[in-house]
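Working notes, beginning with the structure itself.
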Protein chains: 2
Amino acid sequence: MSDDSAWAEPLQNYLSKNGLRLTNQRKLIAQTFFETEGHLNFEQLYEAVRTRDSNIGQATVYRTLKVLVESGLANSSRFGGNSALYEPAITDDHHDHLICTECGLIIEFCDEEIESRQNVVAKQNGFALKDHTMELYGSCQRTNAQCPKR
Amino acid sequence: MSDDSAWAEPLQNYLSKNGLRLTNQRKLIAQTFFETEGHLNFEQLYEAVRTRDSNIGQATVYRTLKVLVESGLANSSRFGGNSALYEPAITDDHHDHLICTECGLIIEFCDEEIESRQNVVAKQNGFALKDHTMELYGSCQRTNAQCPKR
DNA sequence: CTGCATGCAAAAAATTTGCATGAGG
DNA sequence: CCTCATGCAAATTTTTTGCATGCAG
């Protein structure tokens, strides 16, 4: 692990470009956010951040999360839950989601063919593609086989 | 336009299967929901419903929306806004979204190649695919050309 | 008739905002 | 130093819930 990860420079960049400051809180929140793999909601991030610095207020986490999303370093979505979910936008291998509507299982995957096709579609519509999210919903093997809940 | 649309029977079906009732409110809300094209949030739907029957409470709309989602007739997501967005799950031609992160423009599209590929991926992971959502984010032509806001 | 559904309003949850103080550049 | 950021708490916004009564089956 290198000292400064892939997000550090882009973030720094975005901040200074917009007259914002790289405070200790922002650093810590970003660090925590990017270290955690997968998606997490506000509460999870807030809790994780508080572990390291119990003085950080929730408003700061919300505000930082907003900065991260606006800077393009994070994405927010919602799978069906009540609160917003966040995930790093810059991952070495981008992954999409296969979600079981019965048991909540989430599998991550990446399909080259789809990825390239997305670029085609975007171009056809005059878009410069930056990112995407894709969620496939269905019922997983286990659930199909021995549906435990019904 | 036929009297009863594609959603009527599945809904009826889901309701009776779960011991729920097809009330006038549910009928009206579903009707309004499916008549409106594209995505809409709670407020929009509530307002539209109130136009037809000003006595319906918001709780009922929320509850019905939940029923629609659980029955698989509607999908909820969130593009970045503050509140959940809903859209019919059963459309003749399923569409995905191309979203401009600069100006908020939403273009709907459908790509056969991606669709079929999704099925392959799902099968590979042992999933019985029911539905999916896909959002491509980028900046649109207009925004790219003459970025009006900056 | 019986029990689920509704409307209302209150409650809970999620997110934003105002303000005095602290700290980055 | 000057301005933006923070923490706190209050304010908003969004969604859920309890309860008496209404209505579908």
Side-chain angles (χ1 to χ4, degrees), chain A residues 8-9 11-33 39-47 49-71 74-86, chain B residues 8-9 11-33 39-47 49-71 74-86:
Chain A
E9 187 166 320
L11 177 57
Q12 174 68 277
N13 218 280
Y14 174 81
L15 290 176
S16 48
K17 198 169 287 180
N18 289 77
L20 305 177
R21 290 165 186 169
L22 183 58
T23 63
N24 280 324
Q25 288 91 331
R26 281 180 179 157
K27 222 178 297 181
L28 177 58
I29 292 170
Q31 205 167 89
T32 305
F33 176 69
H39 358 72
L40 70 181
N41 59 26
F42 168 79
E43 201 183 329
Q44 296 170 313
L45 179 58
Y46 184 53
E47 197 178 320
V49 167
R50 296 278 288 207
T51 302
R52 303 191 183 181
D53 178 347
S54 57
N55 275 9
I56 291 187
Q58 61 173 187
T60 301
V61 175
Y62 268 114
R63 287 188 275 232
T64 300
L65 231 21
K66 187 170 288 188
V67 167
L68 290 177
V69 169
E70 283 169 354
S71 72
N75 290 125
S76 74
S77 66
R78 150 181 293 193
F79 287 144
N82 23 338
S83 59
L85 285 185
Y86 301 86
Chain B
E9 187 167 319
L11 177 57
Q12 174 66 276
N13 219 279
Y14 174 82
L15 291 176
S16 48
K17 198 169 289 182
N18 289 78
L20 306 177
R21 289 164 185 172
L22 182 57
T23 63
N24 281 324
Q25 289 92 331
R26 281 181 178 158
K27 222 180 294 181
L28 177 59
I29 293 170
Q31 205 168 87
T32 306
F33 176 69
H39 357 72
L40 71 181
N41 59 26
F42 167 79
E43 201 182 331
Q44 296 171 311
L45 179 58
Y46 184 54
E47 198 177 320
V49 167
R50 296 278 288 208
T51 302
R52 303 190 184 181
D53 179 346
S54 58
N55 274 9
I56 290 186
Q58 60 172 191
T60 301
V61 175
Y62 268 114
R63 288 189 274 231
T64 300
L65 231 21
K66 186 169 288 189
V67 167
L68 290 177
V69 169
E70 284 170 353
S71 72
N75 290 125
S76 74
S77 66
R78 150 179 294 190
F79 287 145
N82 23 338
S83 59
L85 285 185
Y86 300 87

Report yes if a side-chain nitrogen or oxygen of [X] is closer than 4.0 Å to either non-bridging phosphate oxygen (OP1 or OP2) of [N]; otherwise report no.
X	N	answer
Y62(B)	dT16(D)	no
K27(A)	dG24(C)	no
Q25(B)	dG7(C)	yes
T23(A)	dC4(D)	no
T60(B)	dG7(C)	yes
N24(B)	dC23(D)	no
Q58(B)	dA9(C)	no
K66(B)	dT15(D)	no

[X] has an atom [atom1]; how far is it from atom [atom2] of [N], in whole Å?
X	N	atom1	atom2	result
I56(A)	dA5(D)	CD1	P	15 Å
R26(B)	dG25(D)	CZ	C1'	13 Å
Y86(A)	dA14(C)	OH	P	12 Å
L65(A)	dT15(C)	CG	C1'	11 Å
E43(A)	dA12(C)	CD	C1'	13 Å
L22(A)	dG24(C)	CG	P	10 Å

With K17(A) as reference, evaluate N13(A), L20(A), L15(A) under the side chain to side chain contact (heavy atoms under 4.5 Å, CB included) test and give the passing residue.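 Of the listed options, the one satisfying the test is N13(A).
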
Would the base of dT16(D) count as contacting R63(B) through its side chain, where contact means a donor and an acceptor less than 3.5 Å apart?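 No, no donor-acceptor pair under 3.5 Å.
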
Would you kindly compare R21(B) and I29(A) by the position of their nearest DNA chain D nucleotide and give the one closer to the 5′ end?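 Result: I29(A).
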
Whether E47(B) side chain and Q44(B) backbone form a donor-acceptor pair below 3.5 Å: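 A pair under 3.5 Å: no.
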
